[in-house]
K.L.:
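I'd like to ask some things about the structure below.
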Amino acid sequence: MNLPPLPDIVLEPIVRLALAEDLGQAGDVTSDICIPRNEESKAKLVAREAGRIAGLDAAALALRLIDPSAKMTVYIADGSDAPRGATVATLEGASRTLLTAERTMLNFIGHLSGIATLSAQFAKAIEGTQAHIVCTRKTTPGLRALEKRAVRLGGALNHRFNLADAILIKDNHIVAAGGIGPALTRARAAVGHLMAIEIEVDNLGQLAEALPYNPTAILLDNMNDAELRQAVAMVAKHDHGRCYTEASGGVTLDTVRAIAETGVNYISAGAITHSARRMDVALDFE
């Protein structure tokens with residue numbers, strides 16, 4: 001997946017906050033004391049394990065903000081797979097600069113590559129079905145834009161970015177609104193033609209109640225595979241597939257294939273952002 005970097009207006013506040021957190025009140029005192037000012041170095045970003053690369057845009061900006069004269073040459077781009085031991089990128093510049101930027105760069109690359117790698121594993125697990133993997137809003141506060149980009153670099157899709165993207169009526173909304181009917185009636189009356197309306201249902205009875213209101217999508221929450229097949233058939237019979245179906249709840253790499261084979265259109269998996277293991281990427285001086 002070849003995606004452009006996030007716009008600097010989105011990316012820069014995130015990276016600046018990460019650098020400020022690491023630099024503290026006095027900067028990198030170790031490098032400033034131990035390394036001569038004019039010392040120059042070369043270093044390699046190395047994949048210590050195989051995985052899908054993400055986060056190079058954030059890492060490059062972190063380096064540039066520390067020292068605009070430092071150079072980063074990328075060999076394995078965001079969205080590409082790195083074999084174990086591969087050189088992802090090389091760095092050249094003042095030794096102090098490379099050491100100061102090192103941890104922030106690696107934090108972004110390791111974390112986001114872990115998300116991209118897990119997303120790729122989920123996407124591969126359902127190849128050949130009509131389903132698509134989507135992420136959720138279960139993201140690290142402040143890092144949502146980066147994490148959702150990493151999901152796409154892994155070959156999965158994004159769900160809502162925020163509460164304003166679409167109407168998603170969940171179980172607590174239904175209770176507070178007084179039922180499925182009142183919630184969907186108000187939603188349909190209030191929004192324009194470009195605003196999607198999705199409603200979460202826990203059982204086939206709730207699905208039957210929701211379908212006459214013609215939502216854009218139905219979120220089938222924590223249903224077993226047999227129930228999902230029945231739900232897909234009910235939706236198809238009602239509107240000939242114009243309403244999308246989304247399975248959700250406890251999705252894992254072990255269960256996702258069977259879920260996809262029920263015929264649902266989308267499978268939302270919070271795990272690809274909230275439980276991805278960071279990829280081991282290191283910075284080695286030459």
Side-chain angles (χ1 to χ4, degrees), residues 3-80 82-117 139-150 153 273-274 276-286:
L3 292 176
L6 289 172
D8 278 357
I9 195 169
V10 175
L11 189 59
E12 188 166 329
I14 301 170
V15 177
R16 283 187 178 276
L17 184 62
L19 287 171
E21 179 180 59
D22 213 28
L23 290 168
Q25 299 289 320
D28 182 1
V29 295
T30 306
S31 298
D32 290 347
I33 291 170
C34 296
I35 311 299
R37 179 185 298 275
N38 296 325
E39 184 75 20
E40 296 282 321
S41 292
K42 295 181 180 180
K44 298 187 297 184
L45 284 167
V46 179
R48 294 282 173 83
E49 60 182 327
R52 181 71 56 88
I53 298 299
L56 292 178
D57 55 348
L61 180 57
L63 181 66
R64 191 164 71 246
L65 289 172
I66 294 294
D67 183 354
S69 68
K71 182 180 179 182
M72 177 174 171
T73 304
V74 174
Y75 296 99
I76 301 177
D78 277 352
S80 298
R84 180 182 179 185
T87 297
V88 177
T90 57
L91 309 180
E92 297 180 50
S95 302
R96 289 183 181 181
T97 293
L98 304 189
L99 289 164
T100 299
E102 175 183 4
R103 178 45 52 199
T104 299
M105 294 176 72
L106 292 178
N107 281 345
F108 280 124
I109 297 170
H111 175 60
L112 297 170
S113 295
I115 291 173
T117 299
T139 54
T140 307
L143 297 183
R144 182 170 294 168
L146 290 173
E147 292 181 351
K148 283 187 172 282
R149 180 175 180 270
L153 289 168
T273 51
H274 70 61
R277 181 180 64 83
R278 69 184 296 135
M279 182 177 167
D280 188 1
V281 179
L283 182 67
D284 294 335
F285 273 55
E286 298 179 342

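Computed from heavy atoms alone, side chains included, the values below leave out hydrogens, waters and symmetry copies.
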K.L.:
Restricting to non-hydrogen atoms, name the atom on Thr104 and the atom on Ala62 that form the minimum distance, rounded to 0.1 Å.
P.N.:
CG2-CB, 4.1 Å
K.L.:
Donor-acceptor pair, Thr87 side chain versus Val46 backbone, under 3.5 Å?
P.N.:
no
K.L.:
Can you give me the closest heavy-atom contact between Asp67 and Ser69, atom names plus distance?
P.N.:
OD1-OG, 2.7 Å
K.L.:
Could you give the distance from OG (Ser113) to CZ (Arg52), rounded to the nearest 0.5 Å?
P.N.:
10.5 Å
K.L.:
Quick check for you: to the nearest 0.5 Å, what is the distance between Arg64 atom CZ and Glu12 atom CD?
P.N.:
8.0 Å
K.L.:
Does the side-chain contact (heavy atoms from CB on, under 4.5 Å) test come out yes or no for Asn107 and Arg278, once each step is laid out?
P.N.:
CA-CA 9 Å; Asn107 281 345; Arg278 69 184 296 135; 3.5 Å; yes
K.L.:
Strictly below 4.0 Å, N to O, side chains only: are Asp284 and Arg48 in salt-bridge contact?
P.N.:
yes
K.L.:
Drop me the distance from Lys44's NZ to Glu286's CD, to the nearest 0.5 angstrom.
P.N.:
5.5 Å
K.L.:
For Asp28, does its backbone N or O pair with a side-chain atom of Thr100 as donor and acceptor, under 3.5 Å?
P.N.:
no
K.L.:
Between Met72 and Leu45, does a side-chain contact (heavy atoms from CB on, under 4.5 Å) hold up when you go through it step by step?
P.N.:
CA-CA 10 Å; Met72 177 174 171; Leu45 284 167; 4.0 Å; yes
K.L.:
Looking only at heavy atoms, what is the nearest atom pair of Leu146 and Ala58, with distance?
P.N.:
CD2-CB, 4.4 Å
K.L.:
Is a donor on one side and an acceptor on the other found under 3.5 Å between the side chain of Glu147 and the backbone of Thr140?
P.N.:
yes
K.L.:
Quick one: are Asp78 and Leu3 in side-chain contact, heavy atoms under 4.5 Å?
P.N.:
no
K.L.:
Could you check Leu56, Leu283, Leu91 and say which one makes a side chain to side chain contact (heavy atoms under 4.5 Å, CB included) with Met105?
P.N.:
Leu91
K.L.:
Quick one, Arg96 with Arg37, criterion side-chain contact (heavy atoms from CB on, under 4.5 Å). Give me CA distance, side-chain angles, the key distance, then yes/no.
P.N.:
CA-CA 7 Å; Arg96 289 183 181 181; Arg37 179 185 298 275; 4.0 Å; yes
K.L.:
Minimum heavy-atom separation for Leu99 and Ser31, please, with both atom names.
P.N.:
CB-OG, 3.3 Å
K.L.:
Of all heavy-atom pairs between Val281 and Leu106, which one has the smallest distance, and what is that distance?
P.N.:
O-CD2, 3.5 Å
K.L.:
Assess the residue pair Leu98 and Leu63 against the criterion (side-chain contact (heavy atoms from CB on, under 4.5 Å)); give the C-alpha distance rounded to whole Å, side-chain angles, the decisive distance to 0.1 Å, and a yes or no.
P.N.:
CA-CA 7 Å; Leu98 304 189; Leu63 181 66; 4.0 Å; yes
K.L.:
Testing Leu61, Leu6, Leu143 for side chain to side chain contact (heavy atoms under 4.5 Å, CB included) with Ile14, which one passes?
P.N.:
Leu143
K.L.:
Drop me the distance from Ile109's CD1 to Asp57's CG, to the nearest 0.5 angstrom.
P.N.:
9.5 Å
K.L.:
Taking Asp280 for the side chain and Glu49 for the main chain, is one N or O donor matched with an acceptor at less than 3.5 Å?
P.N.:
no
K.L.:
I need the minimum non-hydrogen distance between Ala89 and Tyr75, along with the two atoms involved.
P.N.:
CA-CD1, 3.9 Å
K.L.:
Are any side-chain N or O atoms of Arg149 and backbone N or O atoms of Pro4, one a donor and one an acceptor, separated by less than 3.5 Å?
P.N.:
yes
K.L.:
Which distance, rounded to the nearest 0.5 Å, do you find between the CE of Met279 and the CD1 of Ile115?
P.N.:
13.5 Å
